[in-house]
Chemist: 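Okay, handing you the structure first.
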Protein chains: 2
Amino acid sequence: MNNFTDLLRAHNLKATPQRLEIANTLYNQGHANVEELYDTLLKKFHSISLATIYKNINLMIENAFIQEVKIPNAKSVYELTKETHSHLVCKKCGNVEDITLDLRPVCDLAMHSTEFQIDKADLVFSGLCKKCQ
Amino acid sequence: MNNFTDLLRAHNLKATPQRLEIANTLYNQGHANVEELYDTLLKKFHSISLATIYKNINLMIENAFIQEVKIPNAKSVYELTKETHSHLVCKKCGNVEDITLDLRPVCDLAMHSTEFQIDKADLVFSGLCKKCQ
DNA sequence: AACACAACTAATAATCATTCTAATTTAAAG
DNA sequence: CTTTAAATTAGAATGATTATTAGTTGTGTT
């Protein structure tokens with residue numbers, strides 16, 4: 001079990017037990033949506049409020065401690081901030097995996113054929129994971 | 001002004017005036033969110049219900065007449081279904097543009113380094129459009 | 001052109017998701 | 001150990017979406 005106290009503080013966030021548990025859940029599960037976070041934290045904090053989940057998710061996003069991942073035909077999931085990467089989503093079981101790809105060539109192509117100044121590329125692959133094929 | 005009657009019917013959708021107007025709005029504006037569609041249709045149908053907007057958006061998505069585009073830090077927008085393409089979003093003015101890129105190399109890379117069978121890649125670039133830089 | 005019917009629209013209520021408010025509790029700095 | 005600003009909680013309030021129902025309309029058939 002990881003200790004995220006210092007990492008939270010490095011992001012200007014007080015290390016409350018609820019926040020530590022959110023961090024641990026995302027660390028252990030990789031990705032989780034609002035409902036999953038709430039259900040998981042309920043086990044440890046019998047009287048936690050959904051407002052706490054939302055408030056912390058929003059604050060943690062503002063402070064770049066976590067990030068939102070928008071997924072086609074599904075609720076957003078959240079993950080601890082780490083190196084830039086893309087995602088694979090299984091259409092059957094809903095599982096989300098990370099994948100690191102070099103998208104610079106694609107970004108460069110896009111910047112040359114448009115007048116945009118691009119600083120981020122969110123890429124989500126949809127398909128079937130090994131188990132679901 | 002385009003006539004989408006036949007195209008709607010080809011997708012098993014009755015060509016009602018409200019649907020024709022949704023199609024025209026998306027054709028003219030490229031992309032629009034729920035609220036923008038509602039506001040636009042209100043001008044022509046003074047007593048249209050938001051439920052009609054939602055019901056039609058959902059049906060049109062089911063029947064592949066339109067598609068949802070999920071955007072970081074913003075509401076989803078909808079667009080007429082056309083050839084597969086990616087999107088550019090301006091973080092300042094919110095404008096959404098299409099861009100056609102060959103993502104097969106990236107998909108192949110992803111399929112080889114994972115056990116996923118990929119059949120779709122949703123890519124959204126974020127940055128500044130020419131006017132906003 | 002008129003008919004019949006399934007499908008559609010509009011109003012409203014109901015549900016689900018998210019944010020706000022106010023009172024209480026707590027992390028962490030001194 | 002105190003102090004204080006910030007966090008948590010419960011519940012109300014708001015916002016977004018879906019369901020229900022009664023009346024209307026598009027469309028294939030005559």
Side-chain angles (χ1 to χ4, degrees), chain A residues 3-25 32-63 65-78 94, chain B residues 3-25 32-78:
Chain A
N3 181 355
F4 286 101
T5 303
D6 293 340
L7 191 55
L8 280 165
R9 291 190 186 145
H11 287 264
N12 294 308
L13 295 163
K14 278 192 185 177
T16 69
Q18 291 85 346
R19 287 175 185 173
L20 289 167
E21 191 60 15
I22 288 175
N24 270 303
T25 302
N33 62 30
V34 171
E35 191 186 344
E36 288 164 347
L37 280 174
Y38 181 56
D39 290 345
T40 302
L41 267 70
L42 257 186
K43 291 173 194 158
K44 189 167 246 173
F45 307 103
H46 184 70
S47 71
I48 195 171
S49 167
L50 246 182
T52 301
I53 304 289
Y54 279 107
K55 209 158 189 314
N56 281 325
I57 284 177
N58 289 335
L59 250 182
M60 286 169 153
I61 289 175
E62 275 174 42
N63 293 23
F65 182 77
I66 68 172
Q67 289 184 254
E68 180 178 9
V69 184
K70 291 203 172 188
I71 296 173
N73 315 313
K75 293 177 192 169
S76 290
V77 296
Y78 303 88
Chain B
N3 181 355
F4 286 100
T5 304
D6 294 339
L7 191 55
L8 281 166
R9 289 189 187 149
H11 287 265
N12 295 308
L13 295 163
K14 277 193 185 174
T16 69
Q18 291 85 347
R19 285 174 188 174
L20 289 167
E21 190 60 15
I22 289 175
N24 270 304
T25 302
N33 62 31
V34 171
E35 191 186 345
E36 289 163 347
L37 281 174
Y38 181 56
D39 291 345
T40 302
L41 267 70
L42 258 185
K43 290 172 194 156
K44 190 167 247 175
F45 308 102
H46 285 223
S47 70
I48 194 170
S49 167
L50 246 182
T52 300
I53 304 289
Y54 279 107
K55 211 160 188 313
N56 280 326
I57 285 177
N58 289 336
L59 250 182
M60 286 169 151
I61 289 176
E62 276 174 40
N63 294 23
F65 183 78
I66 67 172
Q67 289 184 253
E68 179 178 8
V69 184
K70 290 202 174 189
I71 296 173
N73 315 312
K75 294 177 191 170
S76 290
V77 296
Y78 303 88

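Naming: A, B, ... by sequence-line order, numbering from 1 per chain.
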Chemist: How far apart are the closest heavy atoms of B:L20 and B:T5, and which atoms are they?
Modeler: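 For B:L20 versus B:T5, the nearest heavy atoms are CD2-N, 3.5 Å.
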Chemist: Write out all pairs satisfying side chain to side chain donor-acceptor pair (under 3.5 Å) with one or both partners inside residues 54-63 of chain A, taking only residues at least two apart or from two chains.
Modeler: A:R19-A:N56
Chemist: Starting at atom CG of B:N73, determine the distance to atom C1' of C:dT18, rounded to an integer number of angstrom.
Modeler: 16 Å
Chemist: When you match B:K75 and A:P17 each to their closest nucleotide on DNA chain D, which lands nearer the 5' end?
Modeler: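 Comparing both residues, the 5'-ward one is A:P17.
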Chemist: At a cut-off of 3.5 Å, list every protein nitrogen or oxygen paired with a nitrogen or oxygen from nucleotides 28-30 of chain C, distance to 0.1 Å.
Modeler:
residue, atom, partner, partner atom, Å
C:dA28, OP1, A:R9, NE, 3.0
C:dA28, OP1, A:R9, NH2, 3.3
C:dA28, OP1, A:A15, N, 3.0
C:dA28, OP2, A:R9, NH2, 2.8

Chemist: Over all heavy atoms of both residues, which pair between B:S76 and B:N33 is shortest? Give the atoms and the distance, please.
Modeler: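 Looking at all heavy atoms of both residues, the shortest contact is O-CB, 3.2 Å.
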Chemist: Return the value, rounded to whole Å, for the distance between atom CD1 of A:I48 and atom P of D:dA7.
Modeler: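 Distance, rounded to whole Å: 14 Å.
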Chemist: Any side-chain N or O of B:N12 below 4.0 angstrom from OP1/OP2 of C:dA7?
Modeler: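 B:N12 to C:dA7 OP1/OP2: no side-chain N or O under 4.0 Å.
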Chemist: Atom CG of A:L37 and atom CD1 of A:I53: how far apart are they, to the nearest 0.5 Å?
Modeler: 6.0 Å
Chemist: Which pair of non-hydrogen atoms, one from B:K70 and one from A:I71, has the smallest distance, and what is that distance?
Modeler: NZ-O, 2.9 Å
Chemist: Contact class for A:S47 vs. all strands (heavy atom < 4.0 Å): base, sugar-phosphate, or nothing?
Modeler: sugar-phosphate
Chemist: Check the distance between D:dG15's P and B:Y38's OH and give it to me in whole angstrom.
Modeler: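 Distance, rounded to whole Å: 15 Å.
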Chemist: Return the value, rounded to whole Å, for the distance between atom NE2 of A:H46 and atom P of D:dT8.
Modeler: 18 Å
Chemist: With sequence neighbours excluded, tell me which residues meet salt bridge (charged side-chain N to carboxylate O under 4.0 Å, His left out) with B:K75.
Modeler: B:E35
Chemist: Where do A:L8 and A:A15 come nearest, in terms of heavy atoms and distance?
Modeler: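 Shortest heavy-atom separation between A:L8 and A:A15 comes out as CD1-CA, 4.0 Å.
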Chemist: For B:Q18 and D:dT25, is the shortest distance between a side-chain N/O and OP1 or OP2 below 4.0 Å?
Modeler: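 No, no such contact exists.
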Chemist: Taking ring-ring contact (aromatic ring centres under 6.0 Å, His included) as the test, write out the residues that go with B:Y78, two or more places apart.
Modeler: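 Expected list: none.
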Chemist: Among residues at least two apart in sequence or on other chains, which ones pass salt bridge (charged side-chain N to carboxylate O under 4.0 Å, His left out) with A:E36?
Modeler: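 A:E36 satisfies salt bridge (charged side-chain N to carboxylate O under 4.0 Å, His left out) with no other residue.
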Chemist: Return the polar atom pairs (N/O with N/O) between nucleotides 19-24 of chain C and the protein under 3.5 Å, or none.
Modeler:
residue, atom, partner, partner atom, Å
C:dT19, OP2, A:N58, ND2, 3.1

